[in-house]
Amino acid sequence: CVNYAFNMIPLGESHWKNAMDRATEQGKGDVMVDIVFTASRWGFPLIWGQLCVIAEGNVAQSAAYKR
């Protein structure tokens with residue numbers, strides 16, 4: 001998630017890749033299939049806002065995956 005001051009100034013970065021990286025780490029794999037990306041946004045007009053990017057799917061391990 002990334003917060004926005006005055007609903008315009010980002011106070012961080014929110015990327016689709018970061019959401020997918022976190023999902024593969026939590027699933028203990030390196031490949032995601034059937035991925036669905038969603039974005040959720042809320043805020044108070046002209047004061048504060050937040051944008052969240054969510055990646056959902058099936059996590060698997062490829063043959064080359066080593067941990």
Side-chain angles (χ1 to χ4, degrees):
C1 295
V2 64
N3 294 312
Y4 285 85
F6 306 109
N7 286 341
M8 296 182 296
I9 304 168
L11 303 174
E13 294 182 340
S14 179
H15 294 286
W16 299 99
K17 183 185 179 311
N18 292 345
M20 194 168 67
D21 288 346
R22 277 190 237 112
T24 54
E25 286 175 12
Q26 288 178 355
K28 296 180 175 64
D30 64 335
V31 178
M32 284 190 75
V33 294
D34 299 329
I35 303 169
V36 175
F37 288 104
T38 54
S40 173
R41 185 178 190 119
W42 66 269
F44 299 106
L46 302 175
I47 298 173
W48 193 259
Q50 188 176 60
L51 171 67
C52 294
V53 177
I54 302 160
E56 296 177 308
N58 298 319
V59 178
Q61 294 179 358
S62 67
Y65 182 72
K66 294 179 184 175
R67 266 215 180 173

Inset, instruction - Quick one: pull up CZ in F37 and CE in M32 and give me the separation to the nearest 0.5 Å. - result: 7.0 Å
Inset, instruction - Please report the shortest heavy-atom distance between A23 and A55, naming the atom on each side. - result: CB-O, 4.0 Å
Legend entry - Hydrophobic cluster membership, F44 vs L51, 4.5 Å side-chain cutoff: no
Legend entry - Hydrophobic cluster identity match, V59 and W16, side-chain contacts under 4.5 Å: yes
Inset, instruction - Determine, step by step, whether I47 and F6 satisfy the side chain to side chain contact (heavy atoms under 4.5 Å, CB included) criterion, reporting the C-alpha distance in whole Å, the side-chain angles of both residues, the deciding distance to 0.1 Å, and the verdict. - result: CA-CA 4 Å; I47 298 173; F6 306 109; over 6 Å; no
Inset, instruction - Check whether more than 12 heavy atoms from other residues, nucleotides or ligands sit under 6.0 Å from atom CG of L46, and answer yes or no. - result: no
Inset, instruction - Locate the shortest heavy-atom distance separating A19 from V53; write the atom from each residue and the value. - result: CB-O, 3.7 Å
Legend entry - Check: D30 and T24 side chains under 4.5 Å, non-hydrogen atoms: no
Legend entry - Minimum side-chain heavy-atom gap Y4-I9 below 4.5 Å: no
Inset, instruction - Calculate, to the nearest 0.5 Å, the distance between atoms CD1 and SG belonging to I54 and C1 respectively. - result: 7.0 Å
Inset, instruction - Would you check if I35 and M20 make a side-chain contact, meaning some heavy-atom pair closer than 4.5 Å? - result: yes
Inset, instruction - Just grab all the side chain to side chain donor-acceptor pair (under 3.5 Å) pairs involving residues 42-56, residues at least two apart or on different chains. - result: N3-Q50, W42-Q50
